[in-house]
2 protein chains.
Amino acid sequence: MHDVDTIDIAILKTLQREGRISNAALAERVGLSASACSRRLDHLEKSGVIKGYHARLAHKALDYRMIAIVNISLSGQFAKTLAEFEAAVKLCPNVLVCYLMSGEYDYTLRIAARDLEDYERIHRDWLSALPHVVKINSSFALREVIDRPNVGLG
Amino acid sequence: MHDVDTIDIAILKTLQREGRISNAALAERVGLSASACSRRLDHLEKSGVIKGYHARLAHKALDYRMIAIVNISLSGQFAKTLAEFEAAVKLCPNVLVCYLMSGEYDYTLRIAARDLEDYERIHRDWLSALPHVVKINSSFALREVIDRPNVGLG
DNA sequence: CCGGAAAATGAAAGGTCCTTGCAATGTCAG
DNA sequence: CTGACATTGCAAGGACCTTTCATTTTCCGG
């Protein structure tokens with residue numbers, strides 16, 4: 001029914017990079033008429049291939065100037081242990097990213113804070129309260145060198 | 001000049017969730033006329049508060065399913081050393097994020113790869129070729145627990 | 001290879017949306 | 001208070017979006 005063909009791929013790649021491009025410009029970019037492009041885009045959205053559109057904001061401009069990378073080890077890898085930790089970490093609004101990891105630590109977190117004082121509060125109120133934690137290692141980002149939304153894009 | 005005020009915050013939060021909302025709907029959402037809203041949006045984009053708009057695609061449409069966290073130490077912290085490393089790392093399209101860090105390692109990278117074979121290629125062709133590197137430590141994300149674009153939002 | 005149904009397309013149209021000019025209002029420092 | 005500048009709403013013209021419709025393409029069963 002809805003095969004994702006070459007033109008769809010071109011549409012998706014364009015929208016991945018320029019999510020707010022006009023339908024007219026998008027149509028020209030992929031070599032379709034505006035009406036055909038509009039209908040394909042409608043299909044891609046309604047079929048769930050495109051899950052949403054989002055503005056990417058500068059953390060700095062929103063007064064979250066500090067990024068911390070926090071590595072955490074738990075007391076075990078039982079499913080219940082992981083689930084309880086993850087449920088708790090999801091509640092902290094300052095956690096931007098959290099991955100279950102291979103290697104020395106079990107989880108890697110990326111945390112946004114306004115300043116050092118704010119980070120101290122987050123550490124005290126949130127990180128210290130996470131269950132099953134046996135080791136925490138925090139590092140701070142001194143400067144953002146690269147921040148790309150997707151592979152191969154500016 | 002131009003503080004990010006309450007209305008700007010409302011605009012940003014809306015665009016965070018609905019990056020392709022029309023300017024007219026956005027204006028009504030935040031209680032402004034369309035023209036005023038359009039001008040504020042223009043300013044937020046040009047001043048760099050909004051770094052871009054991006055479509056979020058379904059996993060079946062995404063080619064890059066593997067995330068690696070790579071920590072790197074350099075042979076020194078001279079400005080020239082850092083600049084040369086950063087210029088080189090910026091050329092690798094698979095690097096999504098790169099921070100200059102405090103702590104044990106100098107840089108933390110987040111890398112997207114199609115699969116393990118693809119990561120091996122990236123490591124061989126790009127990471128091994130980065131200048132001034134004295135230590136590399138790779139970990140792989142087993143599962144994405146949280147991935148938020150910004151603080152306190154979906 | 002053929003025929004027909006389903007899907008996709010481009011052109012056109014009307015309705016909506018976006019941006020720019022303009023006058024008025026709001027803000028702030030001197 | 002005054003002047004300079006930022007911000008606003010309104011209006012208009014131009015751009016854009018979506019729907020309709022006739023046509024073309026695609027895809028199977030026969």
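Every heavy atom of this structure was used, including side-chain atoms; hydrogens, water molecules and symmetry mates were not. Each chain gets a letter, A, B and so on, in the order its sequence line appears, and its residues count up from 1.
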- [ ] Considering just the side-chain nitrogens and oxygens of Arg40(A), establish if one lies under 4.0 Å of OP1 or OP2 belonging to dT9(C).
- [x] yes

Task: Donor-acceptor pair between Arg56(A) and His54(B) side chains, under 3.5 angstrom - done: yes

Open item on the list: Output the rounded distance in Å from CD1 (Ile21(B)) to C1' (dT16(C)).
Closed with: 15 Å

Task: Spatial distance of atom CD1 (Ile69(A)) from atom OG1 (Thr108(B)) [nearest 0.5 Å] - done: 5.5 Å

Task: Closest to the Leu32(A) side chain, choosing from dG10(C), dC18(C), dC17(D) - done: dG10(C)

Open item on the list: Expressed as a whole number of angstroms, how long is the span from Leu44(B):CG to dT7(D):P?
Closed with: 11 Å

Task: Asn23(B) or Ala34(A), whichever maps to the more 5' nucleotide of DNA chain C - done: Ala34(A)

Task: Nucleotide dC16(D), atom C1' - distance to CG of Leu41(A) in whole Å - done: 14 Å

Open item on the list: What is the distance, to the nearest angstrom, from the CG atom on Asp5(B) to the P atom on dA6(D)?
Closed with: 15 Å

TODO: Counting heavy atoms from C-beta on, name the nucleotide in dT8(D), dT9(C), dA8(C) closest to the side chain of Arg39(B).
DONE: dT8(D)

Task: Joint cluster assignment, Val89(A) & Tyr99(A), ILVMFWY side-chain distance < 4.5 Å - done: no

TODO: Starting from C1' on dC17(D), measure out to CD on Glu28(A) and report it in whole angstrom.
DONE: 16 Å

Open item on the list: Between P on dC18(C) and CG on Asp42(B), what's the gap in Å once rounded to a whole number?
Closed with: 13 Å

Task: base_contact_polar (dA11(C) base, Ser35(A) side chain, donor-acceptor, <3.5 Å) - done: yes

Open item on the list: Rounded to whole Å, how long is the line connecting atom NE2 of His43(B) with atom C1' of dT19(C)?
Closed with: 17 Å

Task: Ser38(A) vs dT18(D): side-chain N/O to OP1/OP2 distance below 4.0 Å - done: yes

- [ ] Rounded to the nearest angstrom, tell me the gap between atom CD1 in Ile7(A) and atom C1' in dA8(C).
- [x] 10 Å

- [ ] Would you check if the distance from the ring center of Tyr53(B) to the ring center of Tyr53(A) is below 6.0 Å?
- [x] no

Open item on the list: Any base atoms under 4.0 Å from Ser22(A), or only sugar-phosphate, or nothing? Heavy atoms, all strands.
Closed with: sugar-phosphate

Task: Nearest-neighbour nucleotide for the Ala24(A) side chain, dA12(C), dG9(D), dC17(D) considered - done: dC17(D)

Task: Student check: side-chain heavy atoms of Phe140(A) and Tyr119(A) closer than 4.5 Å - done: yes

